[in-house]
Colleague: 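Sharing a structure, written as structure tokens. Questions coming.
Keep in mind that the numbers below use all heavy atoms, side chains included, and drop hydrogens, waters and symmetry copies. Quick caveat: nothing in here was measured; it's all calculated off a predicted structure. Order of the sequence lines fixes the chain letters, A, B, ..., with proteins taken first and strands second; residue numbering starts at 1 for each chain.
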Amino acid sequence: MLAPGRIEGAVCFGTEGGSQVRPSIGHVRDGTRRQVIKHTLFDLKTGDTAKILGIGTDTPLSLRRRLLDMGITKGAELRVERHAPLGDPVEIFVKGYFLALRMSEARTIEVEQIKSSSESLLAASESSLD
Amino acid sequence: MSPGKIVIAGNPNAGKTCLFNALTGSAQQVSNYPGVTVEFKSSVMRWQGHRVTVVDLPGTYSLTAYSQEELVARNYILDEHPAVIVNVVDASNLERNLYLSIQLMEIGIPMVIALNMVDTAERRGYKIDAETLSRLLGVPVIPTIACRGKGIDEIAAASMAILLDKEQARPAPLSYGHGVDDEVLALTEEIRKIPALNTHLSPAWLAVKVLEKDERAVEEIKKRAPEETAELFLKIEDAVRRIERHFNADASTLVAEHRYGIASGLVKRCVTFNAKARRDITEQLDLIICNRIIGPIILLLVVAALFFWVFKVSDEWKWIPWFGGFQSPTHFMESLFLSLAALIAPLKNSMPMLHSLLNDGIIGGVGGVMSFVPLIFSMFLFVAALEDSGYIARVAFILDRPLRIFGLQGKSILAFIVAGGLGAGGCAVPGIMSTRTMREDRDRLVTMLVTPFMNCGAKMPVYAMLIAAFFPNNRTLVMMILWALSWLTALAAAWILRRTLVRGEQMPFVMELPPYHMPVLRGVLRHTWERTWMYMKKAGTVILAINLVLWALMYFPHPAEETNPEEKLAYSYAGRAGKALEPISRAAGFDWRTNIALIGGFAAKEVVLGVLGTAYSLENTDEENYLSLSEQLAKRSDWNPVRAFALMVFVMLYAPCLVTIAVIRRESGSWKWALFSTVYSTAFAFILAIAFYRIGSLLI
């Protein structure tokens, strides 16, 4: 389901974030054990769709409130629209409107990926083959 | 007797301003700066013999008091306790807009919902059942298209019905779900028991807010009932702990999520969505405008278009009829004041002092400022159209990352653009006021301190005059250089300030990219006219007064014996001050006349041109022909392009005008930063002017 490169990224930033581990969607081999890893909006690529799991518990209250006010709530779906010319900020589509936020804030939003952009491309090419 | 107030509340870009203008029919503009209306405006609505005050609150996404606007909106509702809230809801973005509606309903004030922009919603495939929504919320829901005046009468009628008979349209009680509701009810009872808290604030609202850990609500309770609250707060803590243990989540998050739960439930019941066949116009445009490569190119093209538009329309194209021929607007204004000067010429011999006062003090000074009204009008027109279209938010999106390098953020761009950052026709005062959209104190302070470096409308006339005199063949190029220089200086200053006096971490940047829409001509024109009128009023009042004072300083003491005009000026108070400063100012190439003008410019940059005009026309009182200042300077041997350029650089950067300083004082909350701003920018300006003058002189 996921490209290996993405999982690596998630591991990298998941540990860097240092926040609590949430139910995951990706698994990676760590010796013999399966290690649970976490995905955030930071790890998603343009075109990816994901379900919001929550806002990291170590996020400052003011930022968390702001994100909640803007519709970043548990269970909501978001789609990554694009990144700004220098790769940051990121624009997402959530609750029927477009929201821009920085990658540092994107890192606090924990998500479960529903569909990756490459998958939808694949689906498109498959359906066109039919 | 006044039956009470109506306030208009809603999300930014939901069409509040349109509704406000339509209801009150007033030409009153609500914001001087894009997107925000921090200083709410009020006006009077006339309805069937009643006169009701209508207040337009700043646009907010929430009432959690995140930003200054939210605080203003919330405090206004809580303190003034209006009779009716008209909540403007963007029908094409219902869920997020209802999130605010729910918070407004919590306060318990009767409400009317204006379901605005129903046409846009339909185009996007949303069909909204207003009747069901109204039934579920317990308040009237009226579909409107405020900018086209549709549904306005119904809103007025519904609001007045509530106003005149207070018991209607109480919002339905809200449910935050099992487990939370019980705690809210219990706390509401506790709060109700304390007499000091039995004010116009609804106990249920206070209960929800304290569960949310809202600092302001907690403060309010402590302030109103300092003795009885210890027990209450223990109970609140218990309730929060119970909720957090039960749901294993933060209580404030839970409450917010429940609000969104209610909103999305309402959307599910009341909205049918026909999957749209294609991407809407905003998505299509953003594919290009926010494209990583094309986006920045478009940004540059927009800036270039702005320069082109402003100079062609105001100064190069001759389209204003004047005595059988045609003139450019700028020339037209100049001609007007030249005719005035000719009109009073007969006074010169009979009453020399009065003539000097009228000619040099009033016509020279005010005329110089007024002749740039066309330029400023066309600049404001372009910027207002950009603001209205939604493009400014994209500029912030594209530029956030590069600006962050300098310790600024995407929203700083708003202040810079309003202050003249897109070209040369803004004002630092609304620019600095627009930083209220930034919650981040440090980012905001730095933005405020460097915003005055932008080329505001007042510096524009000085540039235009000097460019016309010394760079007649490279007007656009020199303007572009000045534009780039103002940005470079602002960014460099921000970088330095961020690493020295205003250190600290950067704050979050979470911003909506609103849908594009065609600028509404009437709104843009009104906005443009009001900004231009502000400029003209300044010319007629403050600048006129300063010009008169400076004229007096330059006229008195008047030598008794006849000497030549230059000696007369040198003999005056202003001349003495200017001469005293000359040894220092010579380093940047400024003579004593320029010094007089620059001293006057501390009050307002517009004055620089007026005083230069006075200083040089005073010397040419014998000449029959009134030469424009530009032509006079071009003819003088002691002036050259390098000196002119150094002067432009100095005028661009030195101390902000008095009004700006006052605004920095107000917005930063201390005289310290206002004074600092004056001193550091003057130092910056002097160093750079010297550098340009010295290096330039070597090259020539």
Side-chain angles (χ1 to χ4, degrees), chain A residues 19-23 41-42 45-47 51-110, chain B residues 60-67 70 90 92-96 99-100 103 124 126 212-215 249-250 252-253 255-257 259-261 263-264 267 282-283 286-287 290-293 295-296 393-394 396-402 404 409-410 439 506-515:
Chain A
S19 53
Q20 153 223 29
V21 172
R22 286 252 180 172
L41 175 56
F42 183 94
K45 294 219 168 87
T46 300
K51 197 166 118 183
I52 296 165
L53 296 175
I55 298 163
T57 45
D58 52 353
T59 311
L61 187 62
S62 65
L63 174 59
R64 185 170 2 168
R65 276 200 185 138
R66 177 70 172 164
L67 291 171
L68 284 166
D69 286 346
M70 301 307 281
I72 307 294
T73 51
K74 206 193 299 185
E77 278 186 22
L78 62 82
R79 186 176 71 226
V80 179
E81 287 296 312
R82 63 177 56 80
H83 293 83
L86 296 178
D88 185 8
V90 59
E91 179 189 346
I92 59 170
F93 182 76
V94 65
K95 289 206 157 74
Y97 81 106
F98 298 95
L99 181 70
L101 36 92
R102 286 189 185 149
M103 293 310 257
S104 52
E105 282 118 43
R107 202 173 279 175
T108 67
I109 301 171
E110 293 159 7
Chain B
T60 62
Y61 295 105
S62 165
L63 293 179
T64 45
Y66 174 85
S67 64
E70 288 184 6
D90 177 358
S92 62
N93 191 355
L94 199 58
E95 192 173 343
R96 202 202 58 218
Y99 178 74
L100 176 70
Q103 293 185 55
R124 291 204 194 135
Y126 299 104
E212 267 192 288
K213 303 171 192 165
D214 184 289
E215 296 90 349
D250 169 62
S252 65
T253 307
V255 173
E257 283 180 344
R259 284 199 192 106
Y260 261 113
S264 76
V267 168
T282 294
E283 287 173 75
D286 271 343
L287 281 178
C290 292
N291 181 285
R292 300 177 80 154
I293 295 144
R394 273 71 186 182
F397 177 69
I398 293 170
L399 291 180
D400 181 65
R401 187 68 193 85
R404 220 180 317 155
Q409 55 153 289
R439 182 175 190 258
Q506 288 202 315
M507 298 292 284
F509 170 85
V510 183
M511 182 189 68
E512 181 188 4
L513 296 176

Colleague: Contact part of B/Pro515 toward chain A, heavy-atom cut-off under 4.5 Å: side chain, backbone, both or neither?
Modeller: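 Neither part.
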
Colleague: Counting only heavy atoms closer than 4.5 Å, note whether A/Arg64 contacts chain B via side chain, backbone, both or neither.
Modeller: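 Looking at A/Arg64, just its side chain touches chain B.
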
Colleague: Looking only at heavy atoms, which two atoms of B/Val510 and A/Arg66 are closest? And how far apart?
Modeller: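 Reported closest heavy-atom pair: O-NH2, 3.3 Å.
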
Colleague: Would you indicate whether the side-chain heavy atoms of B/Glu512 and A/Phe98 approach each other to under 4.5 Å?
Modeller: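 Sidechains of B/Glu512 and A/Phe98: no contact.
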
Colleague: Would A/Leu68 and B/Arg259 satisfy side-chain contact (heavy atoms from CB on, under 4.5 Å), going step by step from the backbone distance to the final call?
Modeller: CA-CA 10 Å; A/Leu68 284 166; B/Arg259 284 199 192 106; over 6 Å; no

Colleague: Do the side chain of B/Tyr260 and the main chain of A/Gly71 share a donor and acceptor less than 3.5 angstrom apart?
Modeller: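 Confirmed, B/Tyr260 side chain pairs with A/Gly71 backbone.
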
Colleague: Taking all non-hydrogen atoms of both residues, which atom of A/Lys95 and which atom of B/Asn93 are closest, and how far apart?
Modeller: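 So the minimum-distance heavy-atom pair works out to O-OD1, 3.5 Å.
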
Colleague: If you count heavy-atom pairs under 4.5 Å with chain A, which of B/Gly295, B/Cys290, B/Ala256, B/Gly261 comes out on top?
Modeller: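 Most heavy-atom pairs within the cutoff with chain A belong to B/Cys290.
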
Colleague: Please classify the contact between B/Glu95 and chain A as side chain, backbone, both or neither, with a heavy-atom cut-off of under 4.5 Å.
Modeller: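 Contact with chain A: side chain only.
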
Colleague: Identify the heavy atoms of A/Leu86 and B/Arg401 that sit nearest to each other, and give their distance.
Modeller: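 Distance-wise, the nearest heavy atoms are CB-CG, 3.7 Å.
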
Colleague: Between A/Asp69 and B/Arg96, does at least one N-O distance fall below 4.0 Å, as a salt bridge requires?
Modeller: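 Salt bridge flag = no for B/Arg96 with A/Asp69.
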
Colleague: At a heavy-atom distance under 4.5 Å, which candidate from B/Asp286, B/Asn291, B/Asp250 has the highest pair count against chain A?
Modeller: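 Most heavy-atom pairs within the cutoff with chain A belong to B/Asp286.
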
Colleague: Need one label for A/Leu67: side chain, backbone, both or neither, based on atoms under 4.5 Å from any heavy atom in chain B.
Modeller: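 A/Leu67 touches chain B through side-chain heavy atoms alone.
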
Colleague: Nearest heavy-atom pair of B/Arg404 and A/Arg102: which atoms, and what distance?
Modeller: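 Scanning both residues completely, I find the closest heavy atoms to be NE-NE, 3.0 Å.
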
Colleague: Provide the closest heavy-atom pair for A/Ala100 versus B/Phe397 in the form atom of the first, atom of the second, distance.
Modeller: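 Nearest pair, atom of A/Ala100 first, then B/Phe397: CB-CD1, 3.6 Å.
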
Colleague: Give me the atom names and distance for the closest heavy-atom approach of A/Pro85 to B/Ile398.
Modeller: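 Smallest heavy-atom distance, with atoms named: CG-CG2, 3.7 Å.
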
Colleague: Between B/Thr253 and chain A, with a heavy-atom cut-off of 4.5 Å, which part of the residue counts as in contact: side chain, backbone, both or neither?
Modeller: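 Interface part for B/Thr253: both.
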
Colleague: Indicate yes or no: at least one non-hydrogen side-chain atom of B/Met511 is less than 4.5 angstrom from one of A/Leu101.
Modeller: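 No; the side chains remain at least 4.5 Å from each other.
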
Colleague: Roughly how far, to the nearest 0.5 Å, is CD of B/Glu283 from CD of A/Glu81?
Modeller: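 That separation rounds to 6.0 Å.
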
Colleague: Considering only heavy atoms, which portion of B/Asp90 lies under 4.5 Å from any heavy atom of chain A: side chain, backbone, both, or neither?
Modeller: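 B/Asp90 has no heavy atom closer than 4.5 Å to chain A.
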
Colleague: Answer yes or no: is there an ion pair linking A/Arg65 with B/Glu215, defined by an N-O contact shorter than 4.0 Å?
Modeller: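 Result for this pair is yes, salt bridge flagged.
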
